[in-house]
Amino acid sequence: MQTRTLGASGLEVSAIGLGCMGLSFGLGPATERTAAVSLLRDAVDRGVTFFDTAEAYGPGDNEDLLGEALAPFRDQVVIATKFGFLDGVPTKGTDSRPERIRAVAEASLRRLRTERLDLFY
């Protein structure tokens with residue numbers, strides 16, 4: 001798998017990333033959890049190292065799914081997650097106050113079962 005370097009930080013990711021929204025949000029019914037975990041782990045086996053999620057997908061369900069699926073590979077993958085919606089619900093409007101950003105970051109860390117957010121935007 002080819003790779004790309006993001007920005008000046010040297011963060012290297014697979015050229016093909018996996019946007020995970022559709023596994024639990026927005027594109028019809030959620031994928032059955034066992035099948036979704038299997039799909040995510042198969043992606044890692046095929047060389048995908050870049051996974052994108054958001055607090056709003058579910059809300060929180062998608063991050064929780066990725067946390068479970070990617071835990072065995074955490075040091076081999078890059079996880080990007082997003083914030084900015086009031087209560088994590090896009091239809092409620094936006095909220096990017098510093099205290100909200102901190103609360104979302106802490107909740108995302110718990111759901112993703114990690115101690116770091118590789119990309120948080």
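Along the sequence shown, residues are numbered consecutively beginning with 1.
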S.K.: Which residues pass the side chain to side chain donor-acceptor pair (under 3.5 Å) test with Asp87, sequence neighbours left out?
M.R.: Lys92

S.K.: Please list, chain by chain and in numerical order, all residues satisfying side chain to side chain donor-acceptor pair (under 3.5 Å) with Glu115, sequence neighbours excluded.
M.R.: none

S.K.: Any ring pair (Phe, Tyr, Trp, His ring centres under 6.0 Å) pairs touching residues 89-121, not counting sequence neighbours?
M.R.: Phe83-Phe120

S.K.: Just wondering, are more than 12 heavy atoms of other shown residues or ligands nearer than 6.0 Å to CD1 in Ile16?
M.R.: no

S.K.: What pairs of residues pass the ring pair (Phe, Tyr, Trp, His ring centres under 6.0 Å) test when at least one of them lies in residues 12-71, not counting sequence neighbours?
M.R.: Phe25-Tyr57

S.K.: Holding to side chain to side chain donor-acceptor pair (under 3.5 Å), I want the full list of residues that pass it with Gln76, two or more places apart in sequence or in another chain.
M.R.: none

S.K.: Considering residues at least two apart in sequence or located in another chain, which fulfil the side chain to side chain donor-acceptor pair (under 3.5 Å) criterion with Thr34?
M.R.: Glu32

S.K.: Verify, without hydrogens or angle tests, whether Ser14 (side chain) and Thr49 (backbone) share a donor-acceptor contact under 3.5 angstrom.
M.R.: yes

S.K.: Using the test salt bridge (charged side-chain N to carboxylate O under 4.0 Å, His left out), find all partners of Glu106 that sit at least two apart in sequence or belong to another chain.
M.R.: Arg102

S.K.: Checking side-chain contact (heavy atoms from CB on, under 4.5 Å) against Leu40, which of Val77, Leu18, Thr31 comes through?
M.R.: Leu18

S.K.: Hydrophobic clusters here meaning ILVMFWY residues chained together by side-chain heavy-atom distances under 4.5 Å, can you tell me if Leu66 and Val44 are in one?
M.R.: yes

S.K.: Quick one: which residue pairs count as a salt bridge (charged side-chain N to carboxylate O under 4.0 Å, His left out) with a foot in residues 35-52, not counting sequence neighbours?
M.R.: Asp52-Lys82

S.K.: Any salt bridge (charged side-chain N to carboxylate O under 4.0 Å, His left out) pairs touching residues 69-80, not counting sequence neighbours?
M.R.: Arg74-Asp118, Asp75-Arg116

S.K.: Listing request: all ring pair (Phe, Tyr, Trp, His ring centres under 6.0 Å) pairs with a residue in residues 84-119, at least two apart in sequence or in separate chains.
M.R.: none

S.K.: Which pairs pass side-chain hydrogen bond (donor to acceptor under 3.5 Å, both in side chains) with one or both residues in residues 62-72, sequence neighbours excluded?
M.R.: Ser24-Asn62, Arg33-Asp64, Arg33-Glu68, Thr53-Asn62, Glu63-Thr81, Glu63-Ser108, Glu63-Arg111, Asp64-Arg113

S.K.: So which pairs with a foot in residues 9-30 pass salt bridge (charged side-chain N to carboxylate O under 4.0 Å, His left out), sequence neighbours left out?
M.R.: none

